[in-house]
Peer 1: 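Pasting in a structure now, in structure tokens, and then I'll have a few things to ask.
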Amino acid sequence: MKVNLGKTINNDIYFKKIDFNKAVLWMTREISLHKTVVDKWIPEQGLTKIMLYDPKRRTVYSVTVEEAKKHWNLKRVGQESQYYFPIEILKKKENVELNV
């Protein structure tokens, strides 16, 4: 199974298309990023913002890397360890059409 790791846009934003309802671990109200993204991509590329886009809802969820780091918690819920952080820290912008 191929993992959707997302991509870098504008040289400083980590971007990933998601289905928000499926991406959130509702038991703890957290969303996760793959370990490779947090441990390698973000520091090596100097990324400053995380942007998650749900095309079905036309909604963007974003947070600065600095803010997300305060809440990152590495844990294994499924097959592999990922960094989780609370959805409450995400800024939500609705009615957005992105072609990224």
Peer 1: Within the structure provided, determine whether I31 and L25 are in side-chain contact (heavy-atom separation under 4.5 Å).
Peer 2: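 Answer no - side chains too far apart.
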Peer 1: Which atoms form the tightest heavy-atom contact between S81 and K35, and what is the distance?
Peer 2: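 Taking S81 first and K35 second, the nearest heavy atoms are O-CB, 3.8 Å.
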Peer 1: Can you tell if the side chain of Y61 reaches within under 4.5 Å of the side chain of I87, non-hydrogen atoms only?
Peer 2: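 In short, these two side chains do not touch, never coming nearer than 4.5 Å.
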Peer 1: Let me see the working for Y14 and L33 under side-chain contact (heavy atoms from CB on, under 4.5 Å), right down to the final yes or no.
Peer 2: CA-CA 10 Å; Y14 168 74; L33 294 179; 3.6 Å; yes
Peer 1: Any heavy-atom pair between the side chains of I50 and V65 that's under 4.5 Å?
Peer 2: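 The answer is yes; the side chains approach within 4.5 Å.
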Peer 1: Any Lys/Arg nitrogen of K49 or D12 sitting under 4.0 Å from an Asp/Glu carboxylate oxygen of the other?
Peer 2: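 Judged by the 4.0 Å cut-off on N to carboxylate O distance, K49 and D12 do not form a salt bridge.
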Peer 1: Hey, what do you get for CG (L90) to CE (M51), rounding to the nearest 0.5 Å?
Peer 2: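 These two atoms lie 11.5 Å from each other.
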Peer 1: Could you report the tightest heavy-atom contact between W26 and N21, atom names first, then the distance?
Peer 2: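 Heavy atoms of W26 and N21 come nearest at NE1-O, 2.9 Å.
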Peer 1: For the pair F20 and T59, evaluate side-chain contact (heavy atoms from CB on, under 4.5 Å) and give the outcome as yes or no after the intermediate values.
Peer 2: CA-CA 9 Å; F20 192 75; T59 304; over 6 Å; no
Peer 1: How about N11: does its CG atom have over 12 heavy atoms from other parts shown lying under 6.0 Å from it?
Peer 2: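 No, the 6.0 Å shell around CG holds no more than 12 heavy atoms from other groups.
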Peer 1: To check you understand the geometry: which heavy-atom pair defines the closest contact between P55 and I18, and what is its length?
Peer 2: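 Distance-wise, the nearest heavy atoms are CD-O, 3.6 Å.
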Peer 1: Under a 4.0 Å threshold between the charged nitrogen and the carboxylate oxygen, would K69 count as salt-bridged to E66?
Peer 2: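 No, no charged N to carboxylate O under 4.0 Å.
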Peer 1: Would you call T36 and W41 a side-chain contact if the rule is heavy atoms closer than 4.5 Å?
Peer 2: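 Yes - at least one pair of side-chain heavy atoms lies under 4.5 Å apart.
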Peer 1: Whether the side chain of Y53 engages the backbone of V96 through a donor-acceptor N/O pair (distance < 3.5 Å, no angle test) should be reported.
Peer 2: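 Checking the backbone N and O of V96 against the side chain of Y53, a donor-acceptor pair under 3.5 Å is found.
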Peer 1: Just verifying a value: how many Å separate F85 CZ and W72 CH2, rounded to the nearest 0.5 Å?
Peer 2: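 Going from the CZ atom of F85 to the CH2 atom of W72 covers 8.0 Å.
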Peer 1: Side-chain contact test, heavy atoms from C-beta onward, threshold under 4.5 Å: evaluate it for R76 versus Q82 and give yes or no.
Peer 2: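 A side-chain contact under 4.5 Å is absent here.
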Peer 1: What distance separates L47 CG from T64 OG1, expressed to the nearest 0.5 Å?
Peer 2: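 Going from CG on L47 over to OG1 on T64, the span is 12.5 Å.
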Peer 1: How many angstroms lie between CG in D39 and NE2 in H34, if you round to the nearest 0.5 Å?
Peer 2: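 Between atom CG of D39 and atom NE2 of H34 there are 10.0 Å.
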Peer 1: Quick one: closest heavy-atom pair of V38 and P43, and the distance?
Peer 2: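 Heavy-atom minimum between the residues: O-CD, 3.2 Å.
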Peer 1: Do T48 and I13 make a side-chain contact, defined as non-hydrogen atoms from C-beta onward lying under 4.5 Å apart?
Peer 2: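 SC-SC contact between T48 and I13 ruled out.
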Peer 1: Report yes if the side chains of K75 and E30 come closer than 4.5 Å at any heavy-atom pair, otherwise no.
Peer 2: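 They are in contact (side-chain heavy atoms under 4.5 Å apart), so the answer is yes.
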Peer 1: Taking only residues two or more places apart in sequence, or in another chain, which ones meet E94 in a salt bridge (Lys or Arg N to Asp or Glu O under 4.0 Å)?
Peer 2: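 Testing E94 for salt bridge (Lys or Arg N to Asp or Glu O under 4.0 Å), a comparison that skips the adjacent residues, returns K92.
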Peer 1: Is it true that V63 and L5 fall in one hydrophobic cluster, defined by side-chain heavy atoms closer than 4.5 Å?
Peer 2: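 V63 clusters together with L5.
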Peer 1: Supply the atom-to-atom distance E80 CD to S32 OG, rounded to the nearest 0.5 angstrom.
Peer 2: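 It comes to 9.5 Å.
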Peer 1: Can you tell me how far CD of Q45 sits from OG1 of T8, rounded to the nearest 0.5 angstrom?
Peer 2: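 If we round to the nearest 0.5 Å, T8:OG1 and Q45:CD are 3.5 Å apart.
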Peer 1: Check whether any side-chain heavy atom of V37 sits under 4.5 Å from a side-chain heavy atom of I42, and report yes or no.
Peer 2: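 A side-chain contact exists here, since the closest heavy-atom pair is under 4.5 Å.
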